[in-house]
Amino acid sequence: MEKLIVAICEDDPSDMEVLRRLLGEYDTEQLLDVRLLPGAEGLWEAPEFQPDIVLMDIQMPHHNGLEAAKLLAQRSTPPAVIFISQNPDFALRGYGLALRYLTKPVKREALFEVI
């Protein structure tokens, strides 16, 4: 079975590590290939990189999550985008651009449900 590629786009290293750890707890059968990207730029640095799922902070330097989701939606096979933010007010701004929205700190059950 081919692994699903999950990109974590987050500018806060501790938040990135929490998401990586939670995904590791979820992925007991090792079906996910998790890639850590310290910001949305990594999604464009390698055009051949085609994640299936993107867990993305909305507020990041350079490309914010909203801008990045708009660009990802233009791909021939866009990934499922899941926004993550401390500010629940951003959920309305991201409506229609993301599959789901999770608030920080991300709860294990909420992440498992969305994946």
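All values reported here derive from a predicted model rather than from experimental measurement.
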Quiz prompt | Residues which pass side-chain hydrogen bond (donor to acceptor under 3.5 Å, both in side chains) with Thr28, listed by chain and number, not counting sequence neighbours | solution =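 In terms of side-chain hydrogen bond (donor to acceptor under 3.5 Å, both in side chains), with neighbours along the sequence ignored, Thr28 is linked to no residue.
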Quiz item: If you group Ile, Leu, Val, Met, Phe, Trp and Tyr by side-chain heavy-atom gaps below 4.5 Å, do Leu37 and Leu66 land in one group?
Solution: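 Yes; Leu66 is reachable from Leu37 via cluster members.
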Quiz item: Quick one: do Leu36 and Met60 end up in the same hydrophobic cluster if we chain Ile, Leu, Val, Met, Phe, Trp and Tyr together by side-chain heavy atoms under 4.5 Å apart?
Solution: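 Result: no, two separate clusters.
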Exercise. Please report the C-alpha distance between Leu55 and Leu111 in whole Å, then the side-chain angles of each, then the deciding distance to 0.1 Å, and finally whether the side-chain contact (heavy atoms from CB on, under 4.5 Å) criterion is met.
Key: CA-CA 10 Å; Leu55 298 169; Leu111 181 62; 4.1 Å; yes
Closest contact, heavy atoms only, [X] versus [Y]:
X: Ser85; Y: Gln59; value: OG-OE1, 4.5 Å
X: Pro78; Y: Ala73; value: CB-CA, 4.0 Å
X: Met56; Y: Ala68; value: SD-CB, 3.5 Å

Any side-chain heavy atom of [X] within less than 4.5 Å of one from [Y]?
X: Lys3; Y: Leu32; result: no
X: Leu23; Y: Ile115; result: yes
X: Ile5; Y: Arg35; result: yes
X: Pro51; Y: Phe49; result: yes
X: Leu31; Y: Leu4; result: no
X: Leu102; Y: Val114; result: yes
X: Tyr101; Y: Ile84; result: no
X: Leu72; Y: Val54; result: yes

If the threshold is 4.0 Å, N to carboxylate O, is there a salt bridge linking [X] and [Y]?
X: Arg20; Y: Glu17; value: yes
X: Glu25; Y: Arg21; value: yes
X: Glu10; Y: Lys104; value: yes

What distance do [X] atom [atom1] and [Y] atom [atom2] have between them, rounded to the nearest 0.5 Å?
X: Leu19; Y: Ser14; atom1: CG; atom2: OG; value: 10.0 Å
X: Leu22; Y: Arg108; atom1: CG; atom2: CZ; value: 7.5 Å
X: Ile8; Y: Ile53; atom1: CD1; atom2: CD1; value: 10.5 Å

Between [X] and [Y] (side chain of the first, backbone of the second, donor and acceptor by atom type, cut-off under 3.5 Å), is there such a pair?
X: Asp11; Y: Pro38; value: no
X: Asp12; Y: Asp15; value: yes
X: Asp52; Y: Pro79; value: no

Self-check item: Chi angles and distances behind the side-chain contact (heavy atoms from CB on, under 4.5 Å) call for Gln50, Arg75
Solution: CA-CA 9 Å; Gln50 298 289 323; Arg75 290 187 172 181; 3.7 Å; yes
Quiz item: Taking only residues at least two apart or on different chains, which pairs with a member in residues 1-26 satisfy ring pair (Phe, Tyr, Trp, His ring centres under 6.0 Å)?
Solution: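 Matches after skipping sequence neighbours: Tyr26-Phe112.
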